[in-house]
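The structure appears right after this line, and notes come after that.
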Amino acid sequence: MRFLVLLTGFFCLFCSVCDAVEVSQTYAKESISRNGFLFTKITNRQHSPVRLLDVSSDICLDVKLQKLAVVDGLKRHVDVKFVEIPPKSSVKFENEAQIVLVRLKTELKDGEKIPIVRFLFSNGEAIELKNVMIRK
């Protein structure tokens with residue numbers, strides 16, 4: 001077991017996978033409807049692309065990743081399986097890409113907090129944020 005822990009630490013030290021992704025400026029918008037939105041900035045520090053595969057939280061039944069696309073000549077958000085973050089850059093989830101909190105269990109009220117939001121990436125990194133603020 002110690003060997004496995006040492007090997008994992010060694011791997012993280014030299015391949016830059018651990019802490020290769022940063023999630024910052026995260027907040028949710030106040031909502032009285034069944035769906036809400038999570039806004040955040042994801043920075044990829046790696047020299048290769050990384051994909052955001054999943055976002056989850058106990059405050060809703062599902063979370064959908066969406067990107068802006070042209071469908072039948074109109075711009076609209078469509079569900080996607082992942083959002084790619086290019087190497088050495090950031091993606092803001094606010095207009096082009098968005099995170100939708102589907103079927104909220106409670107209303108999102110200004111000043112309250114979402115206890116936990118989890119992000120899962122293609123490089124195996126999992127980031128858990130606690131007490132995410134809800135704003136107007």
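Because only heavy atoms are used, hydrogens play no part in the values below, and waters and symmetry mates are left out as well, while side chains stay in.
Cluster membership for Ile42 and Val80, using ILVMFWY side-chain heavy atoms within less than 4.5 angstrom, is shared. A chain of hydrophobic side-chain contacts below 4.5 Å, direct or via other Ile, Leu, Val, Met, Phe, Trp or Tyr residues, connects Leu104 to Val63. There is a path of hydrophobic side-chain contacts, each under 4.5 Å, that joins Ile127 to Phe93. No chain of hydrophobic side-chain contacts below 4.5 Å, direct or via other Ile, Leu, Val, Met, Phe, Trp or Tyr residues, connects Ile99 to Phe82. There is a path of hydrophobic side-chain contacts, each under 4.5 Å, that joins Val91 to Val117.
Just one of Leu38, Asp54, Val21, Leu53 meets the side chain to side chain contact (heavy atoms under 4.5 Å, CB included) condition when paired with Phe119; it is Leu38. Just one of Asn123, Ile85, Leu52 meets the side chain to side chain contact (heavy atoms under 4.5 Å, CB included) condition when paired with Asn44; it is Ile85.
Interatomic distance, CG of Leu108 versus CD1 of Ile59, reported as 5.0 Å (0.5 Å rounding). Gln98 contributes atom CD, which lies 8.5 Å from atom CG of Leu68 (distance to the nearest 0.5 angstrom). Taken from OG in Ser31 to CG in Asp110, the straight-line distance is 12.5 Å, to the nearest 0.5 Å. For the atom pair NZ of Lys75 and CD of Glu96, the computed distance is 6.5 Å after rounding to the nearest 0.5 Å. The distance from atom OG1 of Thr43 to atom CD of Gln25, rounded to the nearest 0.5 Å, is 8.0 Å. Rounded to the nearest 0.5 angstrom, Lys130 NZ and Ile114 CD1 are separated by 15.0 Å.
The local environment of CZ in Arg103 is sparse, with at most 12 non-hydrogen atoms from other residues, nucleotides or ligands closer than 6.0 Å.
Minimum heavy-atom separation, Asn35 to Val102: OD1-CA, 3.3 Å.
In this structure, the side chain of Lys88 engages the main chain of Arg45 through a donor-acceptor pair within 3.5 Å. Counting only distance, with no hydrogens or angles, the side chain of Lys136 and the backbone of Glu30 share no donor-acceptor pair below 3.5 Å.
Taking the side chain as every heavy atom from C-beta outward, Pro86 and Pro49 never approach each other to under 4.5 Å.
Taking the six-membered ring for Trp and thresholds of 30 and 60 degrees, Phe37 and Phe39 have ring planes inclined between 30 and 60 degrees apart.
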